[in-house]
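Heavy-atom basis, side chains included; hydrogens, waters and symmetry copies ignored. In the text below, chain A, chain B and the rest are named by the order of the sequence lines, each starting its count at 1. Here the structure is a predicted model, which means the values were calculated and not measured.
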There are 2 protein chains.
Amino acid sequence: MAIDGILAKRLDNFVSLDPDEHALLARLTSERVRRSAARTDIVREGEPTHVLRLFLSGWACRYRTLEDGRRQILAFLLPGDLCDLNNYVLSELDHSIGALTPVQYVEIQHDRVAQLMADRPRLAQAFWWHMLTSLSIQREWTLNLSRSAFERIGNLFCELFFRLRAVGLTQGRRYDLPITQIEMAEATGLTPVHVNRTLQEMRSEGLIILKERVLDIPDIAALQQAVLFSPTYLHLRLAAASSSATMGARQVAESG
Amino acid sequence: MAIDGILAKRLDNFVSLDPDEHALLARLTSERVRRSAARTDIVREGEPTHVLRLFLSGWACRYRTLEDGRRQILAFLLPGDLCDLNNYVLSELDHSIGALTPVQYVEIQHDRVAQLMADRPRLAQAFWWHMLTSLSIQREWTLNLSRSAFERIGNLFCELFFRLRAVGLTQGRRYDLPITQIEMAEATGLTPVHVNRTLQEMRSEGLIILKERVLDIPDIAALQQAVLFSPTYLHLRLAAASSSATMGARQVAESG
DNA sequence: CGTGCAATTGATCCATTTCAAGGGCCGTGG
DNA sequence: CCACGGCCCTTGAAATGGATCAATTGCACG
């Protein structure tokens with residue numbers, strides 16, 4: 001899938017865009033592509049930012065570091081994700097954004113976004129949807145407070161599966177998971193050691209196959225059930241998101 | 001403080017509204033006041049909602065219940081807070097909203113909000129600010145994943161202090177905290193038993209005085225420092241919100 | 001060939017949970 | 001007026017999920 005269609009693909013999860021709107025998005029995202037190396041910051045806490053960023057490839061994350069060094073990953077930013085849609089209202093960021101892998105992204109001036117939203121109500125709605133979805137995801141992450149280690153990691157894997165699939169970045173039951181166990185730990189609020197042991201537990205139960213940064217989920221429905229995951233909070237279009245997943249799961253369950 | 005000025009007071013934390021805008025808000029919030037009894041649901045998960053709600057008095061919360069009964073409080077809704085600004089985009093809620101105490105609120109039709117935002121860019125910005133602030137708060141709550149019980153509860157108390165003060169609901173160092181320890185547990189992801197013991201620890205360290213649903217924080221700066229709380233994520237106007245607090249912090253740091 | 005980082009394993013420790021029970025307060029009903 | 005049940009807070013003792021500390025392996029890279 002061409003990189004320049006990824007925003008359209010992402011927003012398409014909410015509204016059906018017409019060719020005209022597709023063209024507008026394509027133009028918007030044909031700016032000079034920027035790159036950041038793995039493990040470098042894209043925006044640092046406290047910095048004023050003036051642009052909206054659209055991620056084209058690679059993984060990034062929002063994170064905050066506490067004074068004593070603990071780091072918490074607040075969200076994963078995947079291809080097709082926007083960030084800092086906000087800061088034409090709030091002028092500075094209260095957390096940082098860092099690249100986990102090499103990433104490509106484009107920067108879009110806020111006034112162009114504002115213009116687009118004013119001209120195209122449907123695109124405006126799509127942007128709102130994107131923002132509200134991040135909020136919804138953030139809420140789901142706070143649910144981790146009452147989840148066990150097993151559930152936290154399982155939920156993370158499920159979420160990533162559905163989000164990546166929505167932009168065409170899964171291969172069947174598999175997807176690239178280019179993050180370390182340390183980063184999984186930072187995202188879930190666990191210790192790397194404990195993440196490791198929990199992964200082994202999930203492996204031994206046959207729920208996942210994780211090897212060389214590729215995650216294979218033999219039976220997504222089984223995993224969902226084991227960790228009480230439900231994808232509704234992602235607000236993906238049902239037709240695309242759930243049906244084939246549950247179908248796939250059913251097939252696997254039958255064949256396995 | 002008059003209840004009908006509370007939204008203006010809240011939004012004033014971000015932009016200075018002129019008398020005209022104050023009047024508009026006053027008209028908007030003069031709808032029939034609705035009431036919900038303590039411990040009842042205002043909106044239930046999955047229900048479609050068509051209105052924006054503004055809370056006038058009492059405490060409510062967003063929460064989600066997992067299949068096995070665990071309940072997680074996702075946010076506290078205080079007087080002056082809006083909820084469901086979202087759902088003119090997302091049509092149904094993925095969590096519930098419940099009253100913790102008797103609450104009063106007004107319902108505002110979405111088209112009136114849309115109209116207002118179209119006519120008054122400054123109000124539109126203020127609404128955006130409100131929404132982005134909730135997102136920011138939600139991020140801060142996910143930070144609890146890497147915080148200890150002591151820090152979680154302390155952070156909660158600090159957040160509530162600053163938020164309540166921003167709408168004039170603190171009395172000096174004190175404020176009404178009309179929730180049970182069980183609810184604190186649900187908000188922080190801890191056990192009621194452990195919340196109880198942690199509260200006693202905070203009391204014994206002289207950080208809080210909590211009696212008969214009134215919380216007294218003798219030295220807010222000391223508490224902030226003890227639990228690594230910083231109010232920036234609330235995006236309150238600095239003049240009103242943080243200056244006195246950070247000044248206090250500096251004093252304590254020097255004297256301690 | 002060393003250096004560094006990610007994954008793994010073992011042993012121990014501790015924060016938090018779980019289970020269980022008692023006390024205070026309050027509204028209700030006999 | 002007192003007895004009762006219900007809810008909230010409190011306390012104790014025991015169990016455990018997850019943290020901490022420490023060390024080993026494997027692999028990629030200069």
Output the residues of residues 63-77 of chain B in contact with DNA chain D, where contact means a heavy atom of the residue under 4.0 Å from an atom of the strand; sort by number or write none.
none
Test side chain to side chain donor-acceptor pair (under 3.5 Å) on A:N155 and A:R152 and set out the steps.
CA-CA 5 Å; A:N155 270 80; A:R152 289 183 197 184; over 6 Å; no
Is there a donor-acceptor pair under 3.5 Å between the side chain of [X] and the backbone N or O of [Y]?
X	Y	result
A:T188	A:M184	yes
A:T191	A:H194	no
A:D219	A:A222	yes

[X] [atom1] to [N] [atom2], straight-line distance once rounded to whole Å:
X	N	atom1	atom2	value
B:L190	C:dT18	CG	P	11 Å
A:E201	C:dT9	CD	P	14 Å
B:K211	C:dG24	NZ	P	17 Å
B:H194	C:dT17	NE2	C1'	9 Å
A:I208	C:dA7	CD1	P	12 Å

Report which part of the nucleic acid A:T198 touches: base, sugar-phosphate, or nothing (heavy-atom distance under 4.0 Å, all strands).
nothing
Proximity of B:F157 and B:F162 rings by center, below 6.0 Å:
no
Which atoms of nucleotides 7-12 of chain D (N or O only) lie under 3.5 Å from a protein N or O atom, and what are those distances?
from   : atom 1 : to     : atom 2 : distance (Å)
D:dC8  : OP1    : B:R39  : NH1    : 3.2
D:dC8  : O3'    : B:R213 : NH2    : 3.4
D:dC9  : OP2    : B:Q181 : N      : 2.9
D:dT10 : OP2    : B:Q181 : NE2    : 2.7
D:dT10 : OP2    : B:N196 : ND2    : 2.7
D:dT10 : O5'    : B:N196 : ND2    : 3.3
D:dT11 : OP2    : B:Q200 : OE1    : 2.6
D:dT11 : OP2    : B:Q200 : NE2    : 2.8
D:dG12 : N7     : B:R197 : NH1    : 3.3
D:dG12 : O6     : B:R197 : NH2    : 3.4

After noting the C-alpha distance and the side-chain angles of A:E186 and A:R70, does the key distance pass the salt bridge (Lys or Arg N to Asp or Glu O under 4.0 Å) rule?
CA-CA 8 Å; A:E186 289 170 339; A:R70 276 172 288 176; over 6 Å; no
I'd like a table of atom pairs between the protein and nucleotides 28-30 of chain D - only N or O on both sides, under 3.5 Å - with the distance next to each one.
none

Charged N to carboxylate O under 4.0 angstrom, A:E140 versus B:R64?
yes
Using 30° and 60° as the class limits, which term best fits the ring planes of B:Y175 and B:F161: parallel, tilted or perpendicular?
tilted
So, A:E159 versus A:W141: side-chain donor-acceptor pair below 3.5 Å or not?
yes
Quick check: do B:L78 and B:L169 have side-chain heavy atoms less than 4.5 Å from each other?
no
Do B:I153 and B:L190 come within less than 4.5 Å of each other through their side chains, counting heavy atoms only?
yes
